[in-house]
Each structure stands twice: as structure tokens, then as C-alpha cells.
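Heads up: the structure comes next, in C-alpha cells.
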Amino acid sequence: MPVPRKKEQVVIYPTEDEVALQLATHVTYFSDKTIAEKGSFSVVLSGGTLIHSLRKLTESPLKETVEWSKWLIFWVDERVVPLTDPQSNYALALKDFLSKVPIPKHNIYPIHYTPLSEVVAKDYEVRLRKLVAEKVLPLSSTGFPQFDLILLGVGPDGHVASSFPQPPQRYDKVDWVTFINDAQSHRQRESPSLSGDQLRQIHRRGTDKGAGGSLYYSGA
Ligand SMILES: O=C(O)[C@H](O)[C@@H](O)[C@H](O)[C@H](O)COP(=O)(O)O
């Protein structure tokens with residue numbers, strides 16, 4: 001199974017199909033390994049083209065062989081909109097990924113929508129704290145919940161999840177979940193997944209011409 005040898009590595013692939021294939025290969029590797037070690041696999045999703053690039057996981061043979069019942073799904077970055085809104089990252093993930101694989105519904109943790117970003121963020125934090133208290137999620141050495149795999153995209157301006165260049169929330173080391181009052185995107189983000197340690201992250205970066213792309217592996 002080809003896995004990156006270095007702790008951090010950028011690999012450029014010539015086609016988007018190859019990106020999707022490699023992404024599926026690595027995600028499956030980590031899923032098998034993590035489930036064998038601890039019995040579950042917590043995956044944090046963002047939005048964007050990443051979700052489409054997960055499509056190989058929804059096809060045979062992976063669709064049948066991955067231990068989907070052991071997966072837990074969270075969001076690192078969500079727009080504070082109803083879960084049926086086309087802007088919702090949950091809706092995107094449901095349509096193109098989650099509806100195609102048998103992850104138990106109770107293992108999927110979308111936001112609880114209300115129009116107030118601070119209420120949504122606080123609710124998500126309370127739910128994460130409960131999962132940590134119940135030992136469903138471990139706590140990292142930095143005091144944040146520790147996920148097994150974070151899947152991120154990188155925006156054209158370099159933003160990752162809701163970590164944009166300007167908002168001060170990206171320096172927040174206290175809240176587990178915080179929010180950005182951006183009139184356009186109404187983003188909510190989880191801070192731990194971006195500041196925690198010992199995390200495996202895969203960032204996917206497409207090219208402006210739509211061909212190929214790269215995967216950045218960190219802590220993998
Ligand atoms: O809600 C979102 O928009 C995403 O979470 C966002 O952070 C995305 O990952 C990047 O913008 C990259 O997007 P692309 O993969 O579409 O380039």
C-alpha cells in the first residue's frame with residue numbers, strides 16, 4: 001500500500017482522476033490501520049471539490065470493503081445555513097459521498113442549524129465535549145479533541161477550511177469551535193482540527209485549469 005514516507009509531503013498528480021484514486025488509497029489505508037488499532041475512525045470533512053474527489057471510495061470494491069460502520073464524520077468548516085441549503089457542506093457531502101456509503105446515521109455529526117452562528121458553534125462544541133467525555137474522541141496533548149483524519153481543500157487565496165488570512169479566529173486557541181460572521185458564507189469552523197497535533201491531514205489542491213492537482217500529506 002503506497003503511503004507517503006515523510007511526515008509532510010506534497011505529491012503532484014497529472015490528472016484529477018489520479019488525485020481521486022490516490023486519495024481513496026490513502027484514506028482506505030488509514031481507515032484499515034486506525035480501525036485495527038482503536039476500533040473506530042474519525043474523519044473530518046470540509047467542502048469544495050474535495051468531496052467530488054472522494055468518489056472512488058463510493059465505488060466497488062472500496063464501497064463494499066471499507067468498514068463504514070466504524071466511521072465517524074465531523075465537519076471542520078460549515079456554512080451556517082439549513083442542512084438542505086445548496087451552500088451547506090453537509091448537503092454537498094450527503095449528495096456526493098455520504099448517501100453512497102453505509103455509515104450509520106448516528107455516526108454523522110452535522111451542525112444543528114439555527115440562524116445564529118455563535119449558537120451553532122457553541123452547540124457543536126458542547127457535542128464534541130460530550131464525545132470526549134464519553135471517550136468516543138480522545139483529547140490531544142494541546143487540549144483539543146483529536147480526530148484521525150482531516151480532509152481539507154486549499155482555496156485560491158490560500159484559505160484552508162474557514163481559516164482565512166484576516167479573521168482573528170484563526171489564532172483562537174481556546175474555543176473548540178468558533179465562527180466567522182462573513183455575510184457571504186456565514187462560516188462556522190472548528191478550531192481544534194487545524195491547531196491540534198498528531199493529526200493526519202490531507203489537503204487537496206486543484207489547478208486553475210481544472211486538470212490534475214496535488215495532495216499535501218501532513219502527519220501521515
Ligand atoms: O466550505 C468551503 O468552501 C470549503 O471548506 C473550503 O475551505 C474549500 O475547501 C476550499 O475553498 C477549497 O475549495 P476547492 O476544493 O473547491 O478549491
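Start at 1 and go down the list; that is how both ligands and their atoms are numbered.
- For Asp32 and Lys70, the salt-bridge test fails: no basic side-chain N is under 4.0 Å from an acidic carboxylate O.
- Within the structure, no pair that satisfies the salt bridge (charged side-chain N to carboxylate O under 4.0 Å, His left out) test touches residues 80-100, not counting sequence neighbours.
- Within the 4.0 Å heavy-atom cutoff, Glu78 does not count among the residues contacting ligand 1.
- Contacts of Asp77 with ligand 1, taken as heavy-atom pairs under 4.0 Å, involve the side chain alone.
- Glu16 and Ser53 form a side-chain donor-acceptor contact under 3.5 Å, judged by distance and modelled atom types alone.
- Shown in contact with Asn89 at under 4.0 Å from a heavy atom are these atoms of ligand 1, numbered in order with element: 1 (O), 2 (C), 5 (O).
- The aromatic rings of Phe97 and Trp68 sit perpendicular, their planes meeting at an angle over 60°, well past the 30° parallel limit.
- Partners of Tyr113 according to the ring-ring contact (aromatic ring centres under 6.0 Å, His included) rule, which considers only residues two or more places apart in sequence or in another chain, do not exist here.
- Residue contact check for ligand 1: Leu152 places no non-hydrogen atom closer than 4.0 Å to it.
- Less than 4.0 angstrom separates some heavy atom of Gly47 from each of these atoms of ligand 1: 4 (C), 5 (O), 9 (O).
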